[in-house]
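Presented below is the structure to which this report refers.
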Amino acid sequence: MESVEVRYNAMAEAIRKHTPYVDMELVDAAFHYAEEKHKEQKRKDGSPYIIHPLAVAEIVAEMGLDTESILAALLHDCIEDTDSSYDDIAKRFGKPVADLVEGVTKLTRVNFQSLEEKQMENLRKMFLAMSKDIRVILIKIADRLHNARTFQFQSPEKQRSKSLETMEIYAPLAHRLGMQKIKWELEDISLKYLDPIGYAEISQQLDEREMANATMMASIRDKIENRLNASGIKFKMYGRVKHIYSVYRKMYTQNKTMDEVYDLYAFRVIVDDIADCYNVLGHIHDLYNLVPGRFKDYISTPKPNGYQSLHTTVIGSEGIPFEVQIRTAQMHHTAEYGIAAHWKYKEGVRDNGGEEQFEWVRRLLENQQDTEAEDFISSLKIDMFDDEVFVFTPKGQVISLPSGATPIDFAYAIHSEVGNHMVGAKVNARIVNYDTVLQNGDIVEVITSKSAKGPSRDWLSLCKSNQARIKIKQWYKKERREENIVNGKQSFDEELRRIGISPSVITNEQLLPNILKKVSFANLDDMYAAIGYGGLTAVKAVNRIKEEILRYTKSIAKDAEDSSKDVTSISRPTKQATSGVVVEDIDNCMIKFARCCTPVPGDDIVGFITKGFGVSVHRRDCPNAAGAASPNNDGRWVKVAWAAMPMESFSTSFELTCRDRDGIALDVAMALSAMKLRCSELNARSDGKGGCTISITVEVRNVGEMNQIRNRLASIKGVESTRRGHH
């Protein structure tokens, strides 16, 4: 069992060696704070818990990270496992350190239950997206590395599950961030518990071969060192055997034997500059025969994670192939520690060089080749997943949603029925509004009810995903046809009026078939329903039929112009017009019912001879008919009367004064539908003071029927008065 003193000294030595600029007074303060907070806790092996934070801080120091990272490593379990709080840490050690600790805590709470490949990729993305500061990921990887080193104290079941999690999440993350040394160690430890037999076999074979080929390795090393010393190149040279998991993967995925794994043995030559890299390469190729197709230049074309090196595989004098990797000291540090290698301080000075040089961290696609000039980078933001947000179901499944998504998007991503029956939502166990924007790592729970009314139309504007919008529209299409017809008609009529066309024109028997053909619907109600549920916009519908209506109105105007000559010809006595109105002293007269007062059979009416459109019929109490008694009317006002039995229906309008309440316009529309009335217009407008006015235009046959309608509308809850409309 390790002592705290031994572990503390190991951390202090790593700091002295790799990060000598670190403030040891602050490190000691953080150590004592964490030791006090964790004093009641023990590790699985019985050692004091503080051993773990000290070990993690040592790994973080080896990476070359800054003071804040080392402090956060010492404190990384305080919020999760003790009574320590974010505010307390921020007060003692500063907000940046508290932010790092909180970030690591958030990652620690991530639940890994689903291990399918897509889920793993989402989790890896989410890890990166959750961490506004890349140092959070680096501390978390260091945390996992020390835990992996002590897997032997876990139960066999825990060993397997944690090893699989390490292999699926943490090793690929380390690889993405260019941290080869840590990636290899994580992979080898995980393999040891996931396939102990395979691990033991390869380990044994490597040991046997290493012993058998020790002489060969020494001979190669001497030969290369002698050549490079003679040429005056400054260098350091290391020999190594390929790590176990790398051999395991090649043998099992490519079905190779140990003899067929080319780069089993490798030498690494570290030189001062790039020119020397290529000089060494020339000497190696002069000494040994090159294996064709096995030379790689990662200096001129770095790997996506920033790795740079020259790789060449050559054949030794014994006929055994071996690999030589040639790189500068900086490239070597980058290869070992990846992105962590870029945290470099000058003593007491921070050079905030161009962060744009590390665009590859964000996009993980390409690296700027010249990283020599970079001295320090304070923190790197991970924003390559700005367009996605990753959240959890209560069971730990990761759901990927568009950035800005709300609980509505989450519910419909689970299943359309979950969305349709949603009555509330919880995020991280707290009830939230439907418009709450979800953050990476949130645990989202949907509250459903069998008696739910279904989605609100407002949800269409609150959700961000097309999937949710489509499912909401499908529900409205299926469940709310009557409501869709009313809402769709209202939108359609408003759009017609906006471009100066009267909505009543489209019901004309001559025009209607052409209109329906243009919009591809069997009847108007189907079109209104489509507009109501969002399958078609009112603007698109009107644009499709606009030309047809204008063509029709022009033709009507021409007919009216042709017949206007007959308007003033007074010959025979009174004759009944086809419209159901008798005009005094005018034969074969064109009749138009005034829209300002919408007269119906039974109303007291008068006629006005218009220029070009025959006789316009008004109610006698219409304000526009007040001029009938004027001496200046030039004889254009004429007596008209209703025919004995008018057969057609007439358009008339009402205005309802109401108390504003939810659904009152719908109740009015439903009442009209129940009376089987043709409603060509329904508008509701609020006065902002608790009242509203509803304007309606309907088709009736006479005053008696009109009065029945008024009485029915007056009985609706909230309707205070009804009166005939005047425009």
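Side chains are part of it too, since the values below use all heavy atoms of this structure and drop only hydrogens, waters and symmetry mates.
In this structure, His332 has no ring-ring contact (aromatic ring centres under 6.0 Å, His included) partners at least two apart in sequence or on a different chain. Qualifying side chain to side chain contact (heavy atoms under 4.5 Å, CB included) partners for Thr393, counting only residues two or more places apart in sequence or in other chains: Lys395, Gln397, Ile399, Phe410, Ile414. Here His18 pairs with nothing under the ring-ring contact (aromatic ring centres under 6.0 Å, His included) rule; sequence neighbours left out.
Leu462 contributes atom CG, which lies 7.5 Å from atom OG of Ser456 (distance to the nearest 0.5 angstrom). If you take CG on Leu145 and OG1 on Thr150, they are separated by 9.5 Å, rounding to the nearest 0.5 Å. With values rounded to the nearest 0.5 angstrom, Lys162 atom NZ is found 11.5 Å from Ser190 atom OG. In this structure, CD1 in Ile531 is found 7.0 Å from OG in Ser491, a value given to the nearest 0.5 Å. Thr105 contributes atom OG1, which lies 11.5 Å from atom OH of Tyr86 (distance to the nearest 0.5 angstrom). Rounded to the nearest 0.5 Å, atoms OG1 (Thr166) and CG (Asn147) are 8.5 Å apart.
Of the charged side-chain nitrogens involved, at least one lies within less than 4.0 Å of a carboxylate oxygen, so that Asp99 and Lys95 count as a salt-bridged pair. Under the 4.0 Å criterion applied to side-chain N and carboxylate O atoms, Lys183 and Glu187 are assigned as salt-bridge partners. The pair Asp88-Arg92 meets the salt-bridge criterion, with a side-chain N (NZ, NE, NH1 or NH2) lying under 4.0 Å from an Asp/Glu carboxylate O. Note on Glu62 versus Lys17: no salt bridge recorded, every NZ/NE/NH1/NH2 to OD/OE distance being 4.0 Å or above.
The two residues Leu71 and Leu26 make their nearest non-hydrogen contact at CD2-O, 3.3 Å. Residues Arg144 and Leu186 share a closest heavy-atom pair of CG-CD2, 4.2 Å. Among all heavy-atom pairs drawn from His421 and Lys450, the shortest one is CD2-O, 3.9 Å. Taking all atoms of both residues into account, the shortest heavy-atom contact from Ile139 to Val56 is O-CG1, 4.1 Å. Counting all heavy atoms, side chain and backbone alike, Met331 lies closest to Ser309 at SD-N, 4.5 Å. Here the closest heavy-atom approach between residue Ala142 and residue Val60 is recorded as CB-CG2, 3.8 Å.
Using a 4.5 Å heavy-atom threshold, the side chains of Thr406 and Asp409 count as touching. Here the side chains of Leu75 and Phe93 are in contact, with some heavy-atom distance below 4.5 Å. Residues Lys426 and Val432 form no side-chain contact, since every pair of their non-hydrogen atoms from C-beta on lies 4.5 Å or further apart. The shortest side-chain heavy-atom distance between Asp66 and Ile70 does not fall under the 4.5 Å cut-off. Considering only heavy atoms from C-beta on, Leu74 comes within 4.5 Å of Met11 through its side chain. Within the 4.5 Å cutoff, the side chain of Ile408 has heavy atoms near those of the Ile472 side chain. Counting heavy atoms from C-beta on, the side chains of Phe153 and Arg43 never come closer than 4.5 Å. Side-chain atoms of Lys471 and Gln467, non-hydrogen and from C-beta on, do get closer than 4.5 Å to each other.
Side chains of Ser451 and Ser449: a donor on one and an acceptor on the other come within 3.5 Å. The closest side-chain donor-acceptor pair between Asp195 and Tyr248 falls under 3.5 angstrom. For His38 and Asp81, the side-chain atoms include no donor-acceptor pair closer than 3.5 Å. A donor-acceptor pair shorter than 3.5 Å cannot be found between the side chains of Ser85 and Asp87. For the 3.5 Å distance criterion, the side chains of His52 and His76 qualify, holding a donor opposite an acceptor. Using modelled atom types, one finds no donor on one side chain facing an acceptor on the other under 3.5 Å when comparing Tyr434 with Asp458.
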Original post:
Can you list the steps and then say if Glu58 with His146 is a side chain to side chain contact (heavy atoms under 4.5 Å, CB included)?
Top reply: CA-CA 10 Å; Glu58 180 187 349; His146 181 249; over 6 Å; no
**OP:** Under the side-chain hydrogen bond (donor to acceptor under 3.5 Å, both in side chains) rule, what do Tyr199 and Asp188 come out as? Steps first, then yes or no, please.
**Re:** CA-CA 8 Å; Tyr199 179 90; Asp188 282 359; 5.7 Å; no
Original post:
Please walk me through it: do His333 and Gln330 pass side-chain hydrogen bond (donor to acceptor under 3.5 Å, both in side chains)?
Top reply: CA-CA 5 Å; His333 196 58; Gln330 184 189 349; over 6 Å; no
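In this pair, Tyr8 and Phe31 present their aromatic rings tilted. The plane angle is within the 30 to 60° band.
For Lys37, the NZ atom is densely surrounded, since the number of other residues' heavy atoms within 6.0 Å is greater than 12.
Applying the side chain to side chain contact (heavy atoms under 4.5 Å, CB included) test between Val423 and each of Ile447, Thr448, Val446 identifies Ile447 as the sole match.
The main-chain N or O of Lys158 is found under 3.5 Å from a side-chain atom of Ser161 such that the two form a donor-acceptor pair.
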